[in-house]
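Reading through the structure tokens given below for one structure.
Hydrogens, waters and symmetry mates are skipped; everything else that's a heavy atom, side chains included, is used. Chain letters run A, B, ... following the sequence lines, proteins first and then strands; every chain starts at 1.
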Amino acid sequence: MALSNREIAQIFEDVSDMLQIKGEIIHRVMAYRNVAEAIRDLPRDLHAIHADGQLNTIPFVGKVMEEKITELLTTGKLEFYEKLAAEIPPGILDMLRITGVGPKKAMQFWQEAGITSVDELEAAAREDKLSSLSGMGAKTQARILEGIESLRRRAANTRTPLGIALPAAQSILDRLLALPGVGKGSIAGSLRRGRPTIGDVDLVLTTNDPEPVMKFFASMDEVARVLGQGTTKSSVELHNGLQVDLVVVPPERWGTALVYFGGSQAHNIHIRELARQRGYTLNEHALTKLDGSGEILCDTEEKVYELLGMQWVPPEIREDWGEIELAQQHRIPTLITRDDIQSDLHMHTVWSDGKFTIREMAEAARARGHKYIVITDHSRGATIANGLTVERLMAQREEVRQVDAEMSPDFRVFHGTEMEIRADGTLDFPDEVLAQLDFVIASLHVGLRQPREQVTARLLNAIRNPHVDLIGHPRGQLIPDRDPADLDMDAVFAAASETGIALEINANPRRLDLEAQYARRAVELGIPIAIDTDAHRIDELDLLSYGILTARRGWVQPHNVINTWSVEQFLAWSRQRGP
DNA sequence: GCCGTTTTCGGCCCGACTGTTTTCAGTCG
């Protein structure tokens with residue numbers, strides 16, 4: 001079976017790690033890591049690119065990398081990788097995933113203590129064998145144990161991030177929908193509900209002739225193995241490890257099937273109780289009368305809910321978090337949609353670590369239907385991201401004003417910043433600088449592992465600065481690699497509520513921060529929400545849909561969201577926020 | 001190892017934080 005892009009990317013990633021452990025110069029290490037990243041981001045299959053003779057158009061792919069990719073594509077193997085793998089025990093690479101353990105420590109554990117796996121490392125730490133190694137002490141040993149525990153939590157969680165699963169699922173669904181005889185189709189399950197991570201992909205289709213559909217499904221290129229294949233349900237595992245379940249029903253049973261496989265389990269259990277109270281049993285096939293007088297078929301979800309005496313419930317809020325009671329009263333709130341959005345208030349340009357100019361980002365945002373944007377490059381403290389000094393910030397303002405003048409009045413470009421909340425709690429720009437900006441985001445990027453009191457105090461300090469309009473990705477999580485900061489969210493919400501500052505739903509699927517449950521809490525407290533992409537490239541402006549999904553899961557309505565406001569409303573709000 | 005270009009080789013985001021080592025190495029972002 002041909003290797004997938006993801007598998008090939010992983011091989012380059014592993015080569016990079018192994019070279020680094022061996023002490024190879026960092027730039028050669030980075031060359032392999034860059035290629036791995038580039039391959040992961042590819043919108044096309046490597047085999048197709050190779051067939052077109054276009055491998056060398058991929059970023060960071062030169063002569064050597066082209067040869068190695070070709071070797072993998074044609075033979076399924078890479079000799080260079082095999083040689084390294086024979087030299088370095090695989091458990092050494094696993095150790096790199098422990099926070100606080102890098103290539104040097106991993107090598108040291110191996111060479112000086114004979115440790116070749118995370119398990120052995122954990123045992124050694126528990127037996128106090130690490131603290132005596134040169135350059136280490138009790139604190140390092142304790143830190144490593146903590147890191148291992150965190151790693152285990154993450155490893156136990158084998159769920160797939162939304163941002164990976166959704167495009168993969170959509171691609172499969174599109175191909176299934178193109179088959180003859182197929183009517184409707186939808187992503188179902190936790191993916192349809194927009195959960196930040198998902199266990200597996202559920203797809204539901206209608207057709208009266210399932211057999212060719214199931215055959216096609218099981219023989220798709222990305223299928224690694226078929227876990228089961230029947231006439232109504234099939235299940236496969238893809239090369240990237242993702243499990244995909246397909247359910248096929250006749251068109252007249254579409255509504256019940258979609259509700260059933262849409263979940264959540266808690267929601268389904270609750271509405272099945274309601275069905276019982278009304279004299280039915282509810283399953284994926286139909287509502288069946290308990291008195292044995294037959295089935296009622298539902299070809300739409302609306303019909304299912306109607307028969308249960310309820311309003312249709314948007315899938316994103318089917319969690320049994322109170323939506324069923326509201327639906328019975330026909331009082332489900334009108335959730336925000338993509339069409340409500342007027343603007344994107346958080347994006348980066350070549351001035352810091354973005355890839356496109358102010359003008360290019362502005363035009364791309366306009367092409368996506370936005371009416372205004374704010375340019376919010378990093379501040380000076382984010383040195384790694386080429387953060388702006390005060391001088392560069394002032395110079396940037398000239399360019400923003402220029403582009404704004406050229407594009408207004410139908411489209412407006414405003415000048416802002418994504419300012420570092422420094423590790424010591426101070427802000428990266430003084431108030432007199434902030435006062436000159438149209439919009440100020442403050443974000444935590446460093447010191448995310450500080451104790452709760454300390455990291456919370458830093459965030460509160462930013463919230464209480466009247467020049468700050470928005471807290472960017474408040475909790476600082478990275479899905480699935482990094483847990484959120486240990487923030488006292490009650491204190492954060494209280495301060496936000498008091499000051500009128502806005503909190504962000506960062507739409508990047510790696511962040512989705514605030515997550516739904518926090519967004520809902522913010523909305524309940526009357527705290528304004530901003531849904532932003534934090535785009536560093538033009539195509540990332542399209543990540544907005546993930547933010548919308550997350551907001552809907554958080555019961556966010558259009559009026560809660562700054563980005564739905566007109567330019568005039570937005571400006572009025574941000575001006576009255578200043579001191 | 002790639003890239004850009006001074007077309008042949010130097011530069012490649014580099015400062016903060018931590019812990020331990022008293023002057024810095026390792027890790028992280």
Side-chain angles (χ1 to χ4, degrees), chain A residues 12-13 15-39 55-69 78 80-81 84 95-109 111-112 125 130-147 150-151 348-355 377-389 392 418 420-426 428 443-451 454-455 458 472-473 476-478 481-483 485 510-511 534 536:
Chain A
F12 279 92
E13 185 83 48
V15 166
S16 168
D17 285 343
M18 292 188 285
L19 288 175
Q20 194 174 11
I21 283 169
K22 289 188 64 172
E24 182 60 74
I25 60 159
I26 191 66
H27 303 300
R28 190 169 174 228
V29 171
M30 291 307 295
Y32 284 89
R33 196 154 299 161
N34 288 336
V35 169
E37 286 300 316
I39 290 174
L55 284 179
N56 60 5
T57 63
I58 300 168
F60 307 109
V61 174
K63 193 164 169 296
V64 173
M65 296 299 187
E66 184 173 5
E67 280 170 14
K68 287 185 160 66
I69 295 171
L78 182 63
F80 184 55
Y81 169 83
L84 285 168
M95 283 194 249
L96 296 181
R97 297 175 56 216
I98 303 166
T99 305
V101 177
K104 294 288 161 60
K105 285 204 178 78
M107 184 68 164
Q108 190 184 3
F109 295 143
Q111 296 295 314
E112 289 183 29
L130 299 184
S131 57
S132 55
L133 296 175
S134 67
M136 308 213 188
K139 284 191 178 173
T140 302
Q141 183 167 274
R143 238 173 96 81
I144 286 169
L145 263 183
E146 275 176 29
S150 164
L151 177 65
H348 300 271
T349 72
V350 290
W351 280 83
S352 64
D353 59 349
K355 301 294 181 230
D377 275 305
H378 290 283
S379 64
R380 53 191 172 186
T383 48
I384 188 171
N386 193 25
L388 274 60
T389 59
R392 290 181 65 218
E418 184 185 20
E420 285 298 298
I421 301 171
R422 295 173 180 155
D424 67 1
T426 59
D428 217 11
S443 299
L444 292 167
H445 292 109
V446 297
L448 288 164
R449 298 274 76 86
Q450 290 173 347
Q454 197 178 350
V455 68
R458 286 165 61 206
H473 44 76
Q477 65 198 1
L478 284 180
D481 305 315
R482 188 170 77 198
D483 293 334
R510 291 250 295 151
R511 291 198 180 273
D534 195 357
H536 288 67

Which heavy atom of [X] sits nearest to which heavy atom of [Y], and what is that distance?
{"X": "A/Lys68", "Y": "A/Tyr32", "result": "CE-OH, 3.4 Å"}
{"X": "A/Trp351", "Y": "A/Leu388", "result": "O-CD1, 3.3 Å"}
{"X": "A/Ile58", "Y": "A/Ala38", "result": "CG2-CB, 4.0 Å"}

Taking the [atom1] atom in each of [N] and [M], what is the distance between them to the nearest angstrom?
{"N": "B/dT18", "M": "B/dT23", "atom1": "C1'", "value": "15 Å"}
{"N": "B/dG10", "M": "B/dT5", "atom1": "C1'", "value": "11 Å"}
{"N": "B/dC14", "M": "B/dC9", "atom1": "P", "value": "24 Å"}
{"N": "B/dG26", "M": "B/dT20", "atom1": "C1'", "value": "11 Å"}
{"N": "B/dC17", "M": "B/dG11", "atom1": "P", "value": "29 Å"}

Counting any heavy atom closer than 4.0 Å, what does [X] reach on the DNA or RNA strands: base, sugar-phosphate only, or nothing?
{"X": "A/Val64", "result": "sugar-phosphate"}
{"X": "A/Val29", "result": "nothing"}
{"X": "A/Ala138", "result": "sugar-phosphate"}
{"X": "A/Ala385", "result": "base"}

If you find the nucleotide of DNA chain B closest to A/Gly100 and the one closest to A/Gly137, which residue's nucleotide is nearer the 5' end?
->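 First, find each residue's nearest nucleotide; the 5'-ward one identifies A/Gly137.
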Want to settle it: does A/Lys104 or A/Lys63 sit nearer the 5' end of DNA chain B, counting the closest nucleotide to each?
->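 First, find each residue's nearest nucleotide; the 5'-ward one identifies A/Lys63.
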May I ask you to say whether A/Lys63 pairs ionically with A/Glu67, meaning some side-chain N is under 4.0 Å from a carboxylate O?
->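 Salt bridge between A/Lys63 and A/Glu67, a charged N being under 4.0 Å from a carboxylate O: yes.
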With a 3.5 angstrom cut-off on both distances, give the Watson-Crick or G-U wobble partner of B/dG29, or none if there isn't one.
->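 Its partner is B/dC14.
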Rounded to whole angstrom units, what separation is found between the [atom1] atom of [X] and the [atom2] atom of [N]?
{"X": "A/Ile26", "N": "B/dC12", "atom1": "CD1", "atom2": "C1'", "result": "11 Å"}
{"X": "A/Ile144", "N": "B/dT27", "atom1": "CD1", "atom2": "P", "result": "9 Å"}
{"X": "A/Met30", "N": "B/dG10", "atom1": "CE", "atom2": "P", "result": "21 Å"}
{"X": "A/Glu24", "N": "B/dG1", "atom1": "CD", "atom2": "C1'", "result": "9 Å"}
{"X": "A/Ile39", "N": "B/dG1", "atom1": "CD1", "atom2": "P", "result": "15 Å"}
{"X": "A/Glu112", "N": "B/dA25", "atom1": "CD", "atom2": "C1'", "result": "14 Å"}
{"X": "A/Arg510", "N": "B/dG29", "atom1": "CZ", "atom2": "P", "result": "10 Å"}
{"X": "A/Gln20", "N": "B/dG1", "atom1": "CD", "atom2": "C1'", "result": "15 Å"}

In terms of side-chain heavy atoms of [X], which of [options] is nearest?
{"X": "A/Pro103", "options": "B/dT27, B/dC17, B/dT20", "answer": "B/dT27"}
{"X": "A/Thr383", "options": "B/dG1, B/dG15, B/dT27", "answer": "B/dG15"}
{"X": "A/Met65", "options": "B/dT27, B/dT20, B/dG1", "answer": "B/dG1"}
{"X": "A/His27", "options": "B/dT20, B/dC12, B/dC17", "answer": "B/dC12"}

Ignoring hydrogens and geometry, is there a side-chain-to-backbone donor-acceptor pair from A/Arg458 to A/Gly447 under 3.5 Å?
->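 Indeed, once roles are kept as given, a pair shorter than 3.5 Å links the two residues.
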B/dT18 phosphate, OP1 or OP2, under 4.0 Å from A/Thr140 side-chain N/O =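 Looking at the OP1 and OP2 atoms of B/dT18, neither is under 4.0 Å from any side-chain N or O of A/Thr140.
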Of A/Val29, A/Asp17, A/Leu84, which meets side chain to side chain contact (heavy atoms under 4.5 Å, CB included) against A/Lys22?
->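 The passing option is A/Leu84.
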